[in-house]
Amino acid sequence: MTSSLFPADGSRVELDNGGRSLPDVRVVRVTETTVTLSLALSDVAFTAGSVVTLRWPAGPRGRYSQHGTVLKVDENRIEVTFLGEPEIEQLRNYVRGGGGESILLVRADEPQRIGQVHDLSERSVRAHFSDVDLRPGEEMLLRLQLGEEVVEFPAIAYRVAQIRQQVPVRGPLVTEMVAIFEQDERQAKIIRRYVLRLQLQARREAAAADALAREVLADATAATAG
């Protein structure tokens with residue numbers, strides 16, 4: 001790989017091992033074929049031979065994605081050798097939006113469950129469910145109502161966090177899940193239009209609120225001056 005594409009020493013990158021993503025990993029040294037990274041000791045869950053993905057910003061186009069293999073681990077530092085050339089992950093695939101929509105979780109030999117979306121993009125969704133036991137790597141079918149349209153797609157649980165309510169009394173198990181999926185272009189367009197429509201609405205509301213605040217301030221200033 002051309003090392004000039006990789007962030008300079010002291011920069012920060014995202015490190016992903018397929019089951020966990022670390023967003024703020026420091027670059028210690030980069031050469032034409034390897035990079036040395038510094039992590040918190042609690043985050044060093046890698047061994048020689050682990051396959052990882054490194055990501056960093058690529059300006060307005062999106063972000064770079066570089067695959068690699070861990071060569072060695074030395075306390076809180078790991079050395080990674082590059083595999084192939086970095087690729088551009090288009091920004092539009094990672095524009096996130098939404099929140100509050102109902103989502104149906106369907107798994108083989110399990111009852112269907114309804115949860116609530118935190119946010120979604122064309123390739124992933126973050127949602128939470130009550131009394132659902134999930135594990136990373138589980139396959140499922142997800143169905144969402146986005147406005148007047150419905151999207152449905154097979155997905156895989158990428159990250160899962162679970163906590164049981166304890167206060168004021170012991171309550172249900174709450175599961176937050178990030179699921180990833182490959183969309184066909186028709187459904188990808190539905191999600192993209194939906195997210196962009198929500199963003200446009202939010203910008204309009206923010207502009208209206210700002211205009212109202214300016215108007216109130218102008219009136220107050222005029223009243224004081226009078």
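For the single chain, residues carry numbers from 1 onward in sequence order. Scope of the values below: all heavy atoms of this structure, side chains included, with no hydrogens, waters or symmetry mates.
Aromatic ring centroids of Tyr64 and Phe6 lie 6.0 Å or more apart.
The main-chain N or O of Val174 is never found under 3.5 Å from a side-chain atom of Asp131 such that the two would form a donor-acceptor pair. Not a single donor-acceptor pair under 3.5 Å links the side chain of Gln112 to the backbone N or O of Leu104. Listed for the Ser11 side chain is a donor-acceptor partner under 3.5 Å among the backbone atoms of Ala8. Checking side-chain atoms of Glu101 against main-chain N and O of Gly99 turns up a donor-acceptor pair under 3.5 Å. Side-chain atoms of Thr34 never come within 3.5 Å of backbone atoms of Thr31 as a donor-acceptor pair (strictly under, hydrogens ignored). For the pair Glu79 (side chain) and Val73 (backbone), a donor-acceptor distance under 3.5 Å is absent.
Rounding to the nearest 0.5 Å places OG1 of Thr36 at 9.5 Å from CG of Asp74. To the nearest 0.5 angstrom, Ser121 atom OG is 7.5 Å from Ile191 atom CD1. From His67, atom NE2 reaches atom CZ of Phe82 across 13.0 Å, with rounding to the nearest 0.5 Å. Atoms CZ and OG, on Arg12 and Ser38 in that order, are 8.0 Å from each other to the nearest 0.5 Å. To the nearest 0.5 Å, atoms CG (Leu217) and CG (Leu212) are separated by 11.0 Å. In this structure, OG1 in Thr47 is found 15.5 Å from NZ in Lys72, a value given to the nearest 0.5 Å.
Counting only N and O atoms by type, the side chains of Ser21 and Glu14 include a donor and acceptor under 3.5 Å apart.
Residues Val106 and Leu142 form no side-chain contact, since every pair of their non-hydrogen atoms from C-beta on lies 4.5 Å or further apart. Within the 4.5 Å cutoff, the side chain of Val125 has heavy atoms near those of the Phe181 side chain. The side-chain heavy atoms of Gln66 and Trp56, taken from C-beta on, include a pair separated by under 4.5 Å. Using a 4.5 Å heavy-atom threshold, the side chains of Tyr158 and Asp16 count as touching. Side chains of Leu105 and Val132 form a contact here, defined as non-hydrogen atoms less than 4.5 Å apart. Looking at heavy atoms from C-beta onward, Leu39 lies in side-chain contact with Leu15 at the 4.5 angstrom threshold. Within the 4.5 Å cutoff, the side chain of Val150 has no heavy atoms near those of the Leu144 side chain. Side-chain contact between Thr69 and Val80 is absent, with no heavy-atom pair separated by less than 4.5 Å.
Scanning all heavy atoms of the two residues, the minimum distance from Thr53 to Ser65 falls at CG2-OG, 3.4 Å. The shortest heavy-atom contact between Ser102 and Ile114 is CB-CG2, 4.3 Å. When every heavy atom of Ala127 is checked against every heavy atom of Phe129, the shortest pair comes out as CB-CE1, 4.1 Å. Considering every non-hydrogen atom in both Pro7 and Val13, the closest pair reads CG-CG1, 3.7 Å. Taking every heavy atom of both residues into account, Leu141 and Pro154 meet most closely at CD1-N, 3.8 Å.
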Evaluate the side-chain contact (heavy atoms from CB on, under 4.5 Å) criterion for residues Leu37 and Val27: first the C-alpha distance (whole Å), next the side-chain angles of each, then the deciding distance (0.1 Å), finally the verdict. CA-CA 5 Å; Leu37 304 170; Val27 176; 4.0 Å; yes
Test log, rule side-chain contact (heavy atoms from CB on, under 4.5 Å), inputs Met177 and Met140: CA-CA 12 Å; Met177 169 195 73; Met140 65 196 69; 3.6 Å; yes
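Residue Ile180 qualifies as enclosed at atom CD1: its count of foreign heavy atoms under 6.0 Å is above 12. Residue Glu139 qualifies as open at atom CD: its count of foreign heavy atoms under 6.0 Å is 12 or below.
Every pair passing salt bridge (charged side-chain N to carboxylate O under 4.0 Å, His left out) that includes a residue from residues 104-121 is listed here, sequence neighbours excluded: Arg96-Asp119, Arg107-Glu138, Asp119-Arg126.
Using a 4.0 Å cut-off between charged side-chain N and carboxylate O, Asp133 and Arg135 make a salt bridge. Using a 4.0 Å cut-off between charged side-chain N and carboxylate O, Arg193 and Glu149 make a salt bridge.
In terms of hydrophobic clustering, with Ile, Leu, Val, Met, Phe, Trp and Tyr side chains grouped at heavy-atom distances under 4.5 Å, Leu22 and Leu71 are assigned to different clusters. Taking hydrophobic clusters as Ile, Leu, Val, Met, Phe, Trp and Tyr residues chained together by side-chain heavy-atom distances below 4.5 Å, Ile190 shares a cluster with Val117.
With sequence neighbours excluded, the residues that form a ring-ring contact (aromatic ring centres under 6.0 Å, His included) with His128 are His118.
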